[in-house]
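Hydrogens, waters and symmetry mates are skipped; everything else that's a heavy atom, side chains included, is used. In listed order, ligands and their atoms are each counted from 1.
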Amino acid sequence: MKKAIYPGSFDPVTKGHLDVIERSSRLVDELVVGVLNNSAKNALFSVHERVNMLKELTAHFPNVTVDAFDGLLVDYAKKIGAVIIVRGLRAVTDFEYELQIAQTNHEIDTEIETIFLTTRLEYAYLSSTIVKEVASYGGDISHFVPQQVIARLYAKYGIEGFDQ
Ligand code: PNS
């Protein structure tokens, strides 16, 4: 049985993340979405909020679960029996950073492999950081994040009066 972990900050989850979750869940028997619990990263959403949003949005995938983790990713992967790390690659700008992390992780534990899914073209520009920037000015984020995330994101910035 092949178990994979798709780790990330998911602050908040975007349509690009959900696309990677959907596609990678078809490649493995079990996919765990691992939400990094890192207080140093100054997240907008608490880890609890991020996990809950992801749980809601992935409830219809029978082989996907969501969990929070802290510490080293490879340690967590080993603890839950995951042998594959899934990461999304948007553009060439992601590549250097992702290569570094993948090679470091492989150096720490050679039994865990990283696989990359190229994001769909329509999400190639998308990042949680940019979505937060647009939301903070009350811009339209409906193309970027699922409906369930929109209200919670605007609420963080005290923005009211948008169409749900
Ligand atoms: O969504 P992100 O912020 O790009 O995800 C980064 C993440 C969570 C994959 C990465 O920061 C991570 O794995 N952090 C845990 C600590 C660790 O194991 N780092 C990798 C060794 S350099």
Legend entry - Non-hydrogen side-chain atoms of Tyr125 and Ile130 separated by less than 4.5 Å: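 No, side chains not in contact.
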Inset, instruction - Kindly indicate whether the side chain of Leu153, heavy atoms from C-beta on, has any atom under 4.5 Å from the side chain of Phe45. - result: yes
Inset, instruction - May I ask you to check whether over 12 heavy atoms, not counting those of Lys156, lie within 6.0 Å of atom NZ? - result: yes
List below, pair by pair, the N or O atoms of ligand 1 and of the protein that are less than 3.5 Å apart, including the distance to 0.1 Å; reply 'none' if no pair qualifies.
| unit_1 | atom_1 | unit_2 | atom_2 | d |
| --- | --- | --- | --- | --- |
| ligand 1 | 1 (O) | Ser9 | N | 3.0 |
| ligand 1 | 3 (O) | Ser9 | OG | 2.6 |
| ligand 1 | 3 (O) | Lys41 | NZ | 2.8 |
| ligand 1 | 4 (O) | Arg87 | NH2 | 3.0 |
| ligand 1 | 5 (O) | Arg87 | NH1 | 3.3 |
| ligand 1 | 18 (O) | Leu73 | N | 2.8 |

Inset, instruction - Output, in order, the C-alpha distance, side-chain angles, deciding distance and verdict of side chain to side chain contact (heavy atoms under 4.5 Å, CB included) for Thr114 and Ile101. - result: CA-CA 9 Å; Thr114 299; Ile101 295 191; over 6 Å; no
Inset, instruction - Could I get the full list of salt bridge (Lys or Arg N to Asp or Glu O under 4.0 Å) partners for Asp94, not counting sequence neighbours? - result: Arg90
Inset, instruction - Please step through side chain to side chain contact (heavy atoms under 4.5 Å, CB included) for the pair Thr14 and Ser127, ending with a clear verdict. - result: CA-CA 7 Å; Thr14 67; Ser127 77; over 6 Å; no
